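Residue numbers begin at 1 in each chain, while the letters A, B, ... track the order of the sequences. Bear in mind that the values here come from a model prediction, so they are computed numbers and not experimental data.
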Amino acid sequence: MTVDVVRLRPPMHRVSPRARWYWTAKAAVLWTVLLVPQVIWWFADGDGARLPHLIVGAGWLVLAAVHLAVMPQWRYRVHRWEATDTAVYTQTGWLSQERRIAPISRVQTVDSERGPIEQLFKLANVTVTTASAAGPLKIQGLAVADADQLVADLTTRVGQTVGDAT
Amino acid sequence: MTTAVDAGEEPAVDADAGWRRLSPRMLAVHPVMELRRLIFPLIAVLIGFRSDDGADGGWWALGIGGIGIALGFLRYFTTSFRITPAHVQVRRGLVRRRTLTVPRDRIRTVDVTSNVLHRIFGLAQVTVGTGQTDKKNDGVKLDGLSAAAAENLHRELLHRPPAEAAPGTGSVVPPPAAATPETVLAALRPAWVRYGPFTLSGLVAIGVVFGIGSRLVNESHVDLAKIGLVHDSTVYLRERPLPVAILLVSAAVVMFTAIASTSGYILTFWNFRLSRHRSGTLHVRRGLLTTRSTTIEERRLRGVELSEPLLLRAVGGARVLAIATGLRVGRGADRGGSVLLPPAPRGVAVDVAGRVIGDADPLTVALIRHGPRARLRRFTRAGTAGLVVILIALAFVLLAGAPWWTFWTAPAVLPLGALLAQDRAASLGHALTGDWLVSRHGSLVRRRYVLRTDAVIGWNIATSVFQRRAGLTTLVATTAGGQQHYAVPDVPAAEAIRTARAAVPGLLEQFLAD
């Protein structure tokens with residue numbers, strides 16, 4: 001941290017630790033879906049050589065194992081959020097990371113949503129949208145109480161600003 | 001200039017009644033339009049039946065055509081609209097009656113289009129845009145008002161001083177002390193048509209013609225080789241050595257593209273005129289056969305884009321597009337209403353763009369370069385892409401039995417990629433001048449975005465693994481207009497923060513590291 005280089009600090013709050021399990025479960029579903037074509041191929045290709053099947057299967061296993069072991073931990077270290085009186089600030093991703101900042105005065109909607117996997121881990125996500133189609137700020141893996149609190153806070157603050165936020 | 005509503009053409013509007021109809025002359029136009037829409041089924045039916053059994057296809061086609069014409073007539077009788085002080089309403093539909101209501105203060109653009117048929121009958125189609133970008137059935141479309149009524153409606157809807165929006169007369173008092181209501185910012189000079197061949201819009205046309213042609217050939221089972229012209233030319237080409245044949249075919253494609261692009265340019269942009277209306281609107285008129293007139297409220301304007309496709313740039317041309325909320329993003333040369341200047345000399349484009357935003361600086365200011373690491377990234381990316389192409393060629397040779405020369409010629413993409421990377425690196429740059437954020441990037445299409453800083457409604461700061469190692473980041477300004485997001489790619493991280501802070505003061509300060 002040299003004096004003349006200005007940089008952003010990460011947002012203040014981490015998401016819930018249970019989010020790691022949520023990401024693991026979500027990725028596991030994806031990898032399971034990818035298993036389906038392999039199974040179909042195995043039975044459709046009844047009397048062919050088994051070696052290509054095994055090679056693809058081994059590749060699938062290694063990739064899935066590494067992804068499931070690394071991604072959730074990494075994401076948990078990256079995903080952070082913060083909401084101040086004037087702005088919302090999020091940090092997401094793992095290999096590729098992204099920070100998004102939107103001023104409260106430009107916020108149009110605040111959404112909270114709980115998908116099936118999220119309900120399983122008692123989590124919720126919050127989406128903050130602006131008038132731009134490119135700028136929704138999504139905070140995944142919040143504990144339900146935190147999410148409700150955040151939505152309530154943001155809604156109050158957004159209500160206090162004027163203008164059509166474009 | 002009076003904007004009062006002509007009583008004979010358009011009856012006075014009050015809250016309950018006042019439903020108007022389209023021009024009765026549309027009775028002649030609608031059926032033809034329906035027939036045009038049915039042209040492919042008709043041709044398919046005709047051809048399909050002829051090749052199968054007898055000549056019954058003719059009757060089927062007649063039946064389908066008859067239904068089309070009847071539907072066209074019905075459209076006139078089932079469509080009506082009215083304009084109240086607060087709303088524009090359109091009623092349409094035969095079985096499902098539908099009333100579409102648009103609040104007048106949501107109206108962002110008004111488009112007046114007339115195609116050849118419309119113009120023969122002195123008609124126009126009015127589209128009222130409400131700003132939902134890129135959606136079908138966006139807003140209200142009134143197909144078939146008389147040209148005068150369309151012009152009146154257009155004025156009624158947009159050219160009214162804000163203070164007069166409330167009263168319930170529906171007509172507008174002529175503005176007092178009108179100096180010059182309209183200033184012309186740009187008008188097409190015939191000499192600009194020389195940029196036509198370099199727009200490549202003709203390639204699309206050739207693609208479409210080729211697609212339709214091959215479909216027709218397929219469906220009608222015509223043996224192309226038996227057609228004299230096609231037969232003779234294939235025989236002629238077969239007799240030449242391969243390189244000569246390739247050269248001949250490319251020359252033909254280039255020639256046709258140039259002709260098609262130039263005709264496209266003339267058809268789309270003839271009589272082009274960009275003017276600023278005193279009531280705060282920009283006005284674009286253009287078109288040779290189909291005329292189109294678009295009005296953009298200046299308070300919706302968020303910036304401009306100077307776009308220079310490679311070929312056009314090579315001959316010193318550029319075009320200007322508007323970045324505005326509620327305006328569809330243009331695809332190709334003429335889609336959407338965002339064209340502020342067709343391909344024209346670069347100097348003119350810069351001048352016009354500067355006058356549109358009222359500040360010439362953002363278009364001429366020297367940009368801050370992104371440095372050697374951004375440049376290196378352009379080259380590594382081009383190199384990687386080239387390598388992938390070579391590997392794909394190798395795979396084709398080994399697995400699909402393609403001849404070996406495909407693999408040996410594949411490395412030719414590397415120098416091409418290097419040239420592209422060089423040009424892309426040269427394009428990269430950004431600046432902040434006055435109230436404007438400027439970003440330039442791209443090679444095949446080099447674009448310079450000029451976005452008003454108060455139109456920035458958020459920042460996305462994206463960093464990939466490779467960018468992190470190079471200390472670079474992509475700063476994206478999100479906005480409600482145009483493409484919704486405008487990027488400053490591969491900018492050094494500290495410079496990204498500096499730019500973002502300077503553009504929107506007070507937002508990032510609270511998140512800075514100590």
Side-chain angles (χ1 to χ4, degrees), chain A residues 1-13 52 70-71 74-75 77-78 80-110 127-138 157-158 161 163-166, chain B residues 105-106 108 131-135 299-300 302 324-326 329 451-452 454-468 471 473-487 492-502 504-514:
Chain A
M1 305 274 165
T2 45
V3 194
D4 54 337
V5 175
V6 183
R7 60 179 76 200
L8 289 177
R9 61 170 170 75
M12 202 107 77
H13 313 291
V70 173
M71 184 274 287
W74 197 338
R75 265 196 196 282
R77 279 167 48 190
V78 174
R80 285 167 164 273
W81 61 276
E82 184 175 345
T84 68
D85 286 342
T86 52
V88 187
Y89 178 23
T90 62
Q91 174 173 292
T92 56
W94 54 300
L95 278 173
S96 293
Q97 300 179 2
E98 189 169 33
R99 287 171 165 173
R100 293 188 168 192
I101 300 163
I104 292 281
S105 58
R106 305 303 185 105
V107 169
Q108 289 205 321
T109 64
V110 182
T127 309
V128 178
T129 63
T130 61
S132 168
L137 285 77
K138 202 158 189 174
R157 279 174 219 160
V158 170
T161 60
D164 75 343
T166 59
Chain B
D105 59 355
R106 289 293 160 82
R108 299 185 175 183
Q132 272 155 6
T133 321
D134 269 326
K135 273 200 185 138
R299 65 190 176 97
R300 308 278 181 199
R302 296 293 185 265
T325 60
V329 179
L451 188 66
R452 224 170 59 207
D454 65 4
V456 177
I457 59 179
W459 297 104
N460 298 351
I461 304 165
T463 321
S464 71
V465 184
F466 303 111
Q467 280 182 317
R468 253 201 313 277
T473 188
T474 294
L475 178 71
V476 180
T478 64
T479 181
Q483 295 177 4
Q484 312 283 308
H485 57 102
Y486 290 95
E495 175 59 22
I497 302 302
R498 194 197 68 81
T499 307
R501 275 180 73 188
V504 184
L507 179 62
L508 260 57
E509 271 67 19
Q510 51 195 328
F511 302 127
L512 293 179
D514 304 321

* Structure fact -> Bottom line for B/Arg498: the part with an atom under 4.5 Å from chain A's heavy atoms is neither
* Asked: How many angstroms lie between atom CZ of B/Phe466 and atom CG of A/Leu95, to the nearest 0.5 angstrom?
  -> 8.5 Å
* Report the distance from atom CD of A/Gln108 to atom CD1 of B/Ile457, rounding to the nearest 0.5 Å. => 7.0 Å
* **Region of B/Leu512 that comes under 4.5 Å of a non-hydrogen atom in chain A** => both
* Tell me, side chain or backbone of B/Val504 under 4.5 Å from chain A's heavy atoms, or both, or neither? -> neither
* Structure fact -> CG (B/Asn460) and CZ (A/Arg99) are apart, to the nearest 0.5 Å, by 13.0 Å
* Asked: Can you pull the salt bridge (Lys or Arg N to Asp or Glu O under 4.0 Å) pairs that have at least one residue in residues 504-513 of chain B, sequence neighbours excluded?
  -> B/Arg501-B/Glu509
* To do: Enter the distance from B/Leu507:CG to A/Ser105:OG here, rounded to the nearest 0.5 Å.
  => 8.0 Å
* To do: Please list, chain by chain and in numerical order, all residues satisfying salt bridge (Lys or Arg N to Asp or Glu O under 4.0 Å) with A/Arg75, sequence neighbours excluded.
  => none
* To do: Supply the atom-to-atom distance B/Thr463 OG1 to A/Glu98 CD, rounded to the nearest 0.5 angstrom.
  => 8.5 Å
* Applying side chain to side chain contact (heavy atoms under 4.5 Å, CB included), run through B/Phe511 and A/Arg9 and close with a yes or a no. => CA-CA 6 Å; B/Phe511 302 127; A/Arg9 61 170 170 75; 3.7 Å; yes
* Any idea which of A/Ala134, A/Gly93, A/Pro10 has the most non-hydrogen atom pairs under 4.5 angstrom with chain B? -> A/Ala134
* Do the side chain of A/Ser96 and the main chain of B/Ser464 share a donor and acceptor less than 3.5 angstrom apart? -> no
* Report the C-alpha distance between B/Gln510 and A/Glu82 in whole Å, list the side-chain angles of each, state the deciding distance to 0.1 Å, and finish with yes or no for side chain to side chain contact (heavy atoms under 4.5 Å, CB included). => CA-CA 11 Å; B/Gln510 51 195 328; A/Glu82 184 175 345; over 6 Å; no
* To do: Could you have a look at B/Ala500, B/Ala462, B/Ala496, B/Ala493 and say which one has the most heavy-atom pairs with chain A under 4.5 angstrom?
  => B/Ala462
* Structure fact -> Rounding to 0.5 Å, atoms CD1 (A/Ile101) and CD1 (B/Ile461) come to a distance of 4.5 Å
